Amino acid sequence: MSETTTESTAPQGSEGAEPAEEPAGAPEPTASAPLGPAGEKALDEWKRRAKAAEKTAKEHAARLQEIDDRDKSELQKATERMTKAEQRATAMVERATRAEVRALAAATFADPSDAAAFLNLADFVDDDGEIDSKGIEKALADLLKRKPHLAKEAPPSFDGGARTTAAKPTSMNDLIRQQAGAS
């Protein structure tokens, strides 16, 4: 064999031959170059094989988990369930804290999600999972002092100017009394 050719080896049991490595001097295909019918067929075959391999890997992982679970003691299983429950509870407390921050920030912030992004949410949750709303309000006020550009803009005023109430209409009798000095 010469150095410019390569052998194509296909695993036994495969339906079609896998594409061989290209010679060193061959140009690489570009994104704009069409693959052609043979290239499209090979690409479809590789996609099909990748999906099948992914499905097989998921099945094997599930089977391995079954085997691992069968060999575990009840204590280990309970510990794993407890760990997963704690993770879910922590995620729920974090989500509730974020919602509380957004709710309190909705009145004063242009985008309430900005407030949650700038604050450390863990600072407002105690060991029992209770959320400190007063602490959040103070932190939001402090954040607006430090970053006033996050605040809502005042709505435009369509006032049209200052208004005064009309004066009490004067009657002719009042004008005569005023001129006579008897008011």
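Values reported hereafter were calculated over all heavy atoms of this structure, with side chains retained and with hydrogens, waters and symmetry mates removed. Because the structure is predicted, anything quoted here is derived from the model rather than measured. Start at 1 with the first residue, then count along the sequence.
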- request: With the side chain counted from C-beta on, respond yes when L140 and E137 share a heavy-atom pair under 4.5 Å apart, and no when they do not.
  value: no
Should we count [atom1] of [X] as having more than 12 external heavy atoms under 6.0 Å?
{"X": "M82", "atom1": "CE", "value": "yes"}
{"X": "E153", "atom1": "CD", "value": "no"}
{"X": "K77", "atom1": "NZ", "value": "yes"}

What are the two closest non-hydrogen atoms of [X] and [Y], and how far apart are they?
{"X": "R98", "Y": "A116", "answer": "CG-CB, 3.9 Å"}
{"X": "L143", "Y": "A115", "answer": "CD2-CA, 4.1 Å"}
{"X": "L121", "Y": "E94", "answer": "CD1-O, 4.3 Å"}
{"X": "R102", "Y": "P112", "answer": "O-CB, 3.5 Å"}
{"X": "G135", "Y": "F124", "answer": "O-CE2, 3.5 Å"}

For the [atom1] atom of [X] and the [atom2] atom of [Y], what is their distance to the nearest 0.5 Å?
{"X": "R81", "Y": "E74", "atom1": "CZ", "atom2": "CD", "value": "7.0 Å"}
{"X": "T97", "Y": "E130", "atom1": "OG1", "atom2": "CD", "value": "10.0 Å"}
{"X": "R48", "Y": "L43", "atom1": "CZ", "atom2": "CG", "value": "12.5 Å"}
{"X": "D44", "Y": "R49", "atom1": "CG", "atom2": "CZ", "value": "12.5 Å"}
{"X": "D111", "Y": "L150", "atom1": "CG", "atom2": "CG", "value": "9.0 Å"}
{"X": "D114", "Y": "K147", "atom1": "CG", "atom2": "NZ", "value": "10.5 Å"}

- request: Test D174 against R177 for salt bridge (Lys or Arg N to Asp or Glu O under 4.0 Å), laying out the working first.
  value: CA-CA 5 Å; D174 292 336; R177 286 188 195 115; 3.4 Å; yes
task: Check for a donor-acceptor pair, side chain of K152 on one end and backbone N or O of A106 on the other, with a separation under 3.5 Å.
output: yes
query: Looking at D142 and R146, does any basic side-chain N land under 4.0 Å from a carboxylate oxygen?
result: yes
task: State whether E66 and R63 are salt-bridged, where the test is any N-O pair (Lys NZ or Arg NE/NH1/NH2 against Asp/Glu carboxylate O) under 4.0 Å.
output: yes
task: Can you sort out the partners of N120 under side chain to side chain donor-acceptor pair (under 3.5 Å), two or more places apart, ordered by chain and number?
output: D123
